[in-house]
**Q** 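Encoded as structure tokens, here's the structure I'll be asking about.
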Amino acid sequence: PSPTNIIRDAYRLGLTKKIQFSSSYWGISTGGVKSHPEPLEGSVVISPFLRGEDALNHPLVQKLWTKYRGPMSTFKNGGYCLGIALGINFCSALKVALDEVGYEKITGDDIYRAYQKIGGKDTKGLTGPCAYGPKSRRGSNLAKIYRVKNSKIVPITDWVRMPDAVSLHKW
């Protein structure tokens with residue numbers, strides 16, 4: 001991702017000695033750290049899903065990655081955790097919709113309404129609990145903050161509540 005390259009270039013210019021670089025969740029990844037370990041050292045990333053060592057060591061990630069993608073040594077991005085969590089949320093919403101209207105009658109509107117009922121569902125720790133609801137369109141309202149330390153992405157916080165800018169929209 002481009003933030004990795006921006007931090008790499010800032011490092012080359014000597015800016016990382018005086019500036020703490022922070023990235024949104026599309027930024028620093030395991031693959032980026034493998035490509036630019038020294039420039040990314042000390043950088044911070046805020047993420048609504050597990051990444052780095054947390055992602056690499058998560059049992060469900062290990063099980064699915066090694067079954068469908070290959071050895072964990074090829075794992076490059078915690079975004080895989082987000083994909084699994086989105087699948088878990090979809091399955092939860094689908095179950096609610098099927099229980100309410102049945103297989104023969106299910107529509108997209110039924111799924112939409114079901115998503116509004118799955119807030120609080122567990123995503124196996126891949127993200128914070130699901131936050132979808134009648135006034136929330138966020139998969140979770142929690143995030144973790146990570147730092148690159150010794151060429152690894154390690155957590156520096158547990159899950160913390162993030163500000164809700166999404167609900168400012170009138171649905």
**Q** Do the side chains of Lys152 and Asn150 get nearer than 4.5 Å, heavy atoms only?
**A** no
**Q** Ile28 and Ser43: which non-hydrogen atoms are nearest, and at how many Å?
**A** CD1-CB, 3.4 Å
**Q** If you count the non-hydrogen atoms of other residues, nucleotides and ligands that lie under 6.0 Å from NZ in Lys76, is the total more than 12?
**A** no
**Q** Is the shortest side-chain heavy-atom distance between Val160 and Met162 below 4.5 Å?
**A** yes
**Q** For residues Pro37 and Ser151, report the shortest heavy-atom separation together with the two atoms involved.
**A** CB-OG, 3.3 Å
**Q** Got a second to check how far Leu15's CG is from Leu13's CG, nearest 0.5 Å?
**A** 5.0 Å
**Q** Check whether any side-chain heavy atom of Ile153 lies under 4.5 Å from a side-chain heavy atom of Val33, and answer yes or no.
**A** yes
**Q** With a 4.5 Å limit on heavy-atom distance, are the side chains of Tyr80 and Val61 in contact?
**A** yes
**Q** Which heavy-atom pair separates Ile106 from Ala97 by the least distance, and what is that distance?
**A** CD1-CB, 3.6 Å
**Q** Go through Trp65 and Met72 one step at a time and tell me if the side-chain contact (heavy atoms from CB on, under 4.5 Å) criterion holds.
**A** CA-CA 7 Å; Trp65 187 269; Met72 288 307 291; 3.7 Å; yes
**Q** Do the side chains of Leu142 and Pro129 get nearer than 4.5 Å, heavy atoms only?
**A** yes
**Q** Just list the side-chain donor-acceptor pairs under 3.5 Å for residues 84-94, sequence neighbours left out, or say none.
**A**
unit_1, atom_1, unit_2, atom_2, d
Ser92, OG, Ile88, O, 3.1

**Q** Under the salt bridge (charged side-chain N to carboxylate O under 4.0 Å, His left out) test against Asp164, which residue among Lys135, Arg137, Arg138 passes?
**A** Arg138
**Q** Stepwise, does the side-chain hydrogen bond (donor to acceptor under 3.5 Å, both in side chains) test hold for Ser2 with Asn5?
**A** CA-CA 5 Å; Ser2 58; Asn5 295 331; over 6 Å; no
**Q** What salt bridge (Lys or Arg N to Asp or Glu O under 4.0 Å) pairs are there with at least one residue in residues 46-72, not counting sequence neighbours?
**A** Asp54-Lys144
**Q** With clusters defined by side-chain heavy atoms of hydrophobic residues (ILVMFWY) lying less than 4.5 Å apart, directly or transitively, does Ile145 cluster with Val148?
**A** no
**Q** Using distance alone, with no hydrogens and no angle criterion, decide if Trp159 and Ser140 have a side-chain donor and acceptor under 3.5 Å apart.
**A** no
**Q** Between Glu38 and Tyr11, do the side chains contain a donor N or O and an acceptor N or O under 3.5 Å apart?
**A** yes
**Q** Nearest heavy-atom pair of Gln62 and Leu56: which atoms, and what distance?
**A** NE2-O, 2.8 Å
**Q** Only one of Thr157, Leu50, Val154, Ile156 passes side-chain contact (heavy atoms from CB on, under 4.5 Å) with Tyr146; say which it is.
**A** Leu50
**Q** How many angstroms lie between SG in Cys81 and CG in Leu126, if you round to the nearest 0.5 Å?
**A** 5.0 Å
**Q** Check Ile46 against Ala143 and note the closest heavy-atom contact, atom names and distance.
**A** CG2-CB, 4.2 Å
**Q** So do the side chains of Val44 and Phe21 get within less than 4.5 Å of each other, counting heavy atoms only?
**A** no
**Q** Quick one: are Arg8 and Leu40 in side-chain contact, heavy atoms under 4.5 Å?
**A** no
**Q** Considering only NZ, NE, NH1 and NH2 on the basic side and carboxylate oxygens on the acidic side, decide whether Lys117 and Glu100 come within less than 4.0 Å.
**A** yes
**Q** Given side chains that start at C-beta, do those of His36 and Ile7 come closer than 4.5 Å, heavy atoms only?
**A** no
**Q** Can any side-chain N or O of Ser136 pair as donor or acceptor with the backbone N or O of Gly133 at less than 3.5 Å?
**A** no
**Q** Is it true that a side-chain atom of Thr66 and a backbone atom of Gly70 form a donor plus acceptor pair closer than 3.5 Å?
**A** no
**Q** What heavy-atom pair brings Phe49 and Leu82 nearest, and what distance separates the two atoms?
**A** CD2-CB, 3.6 Å
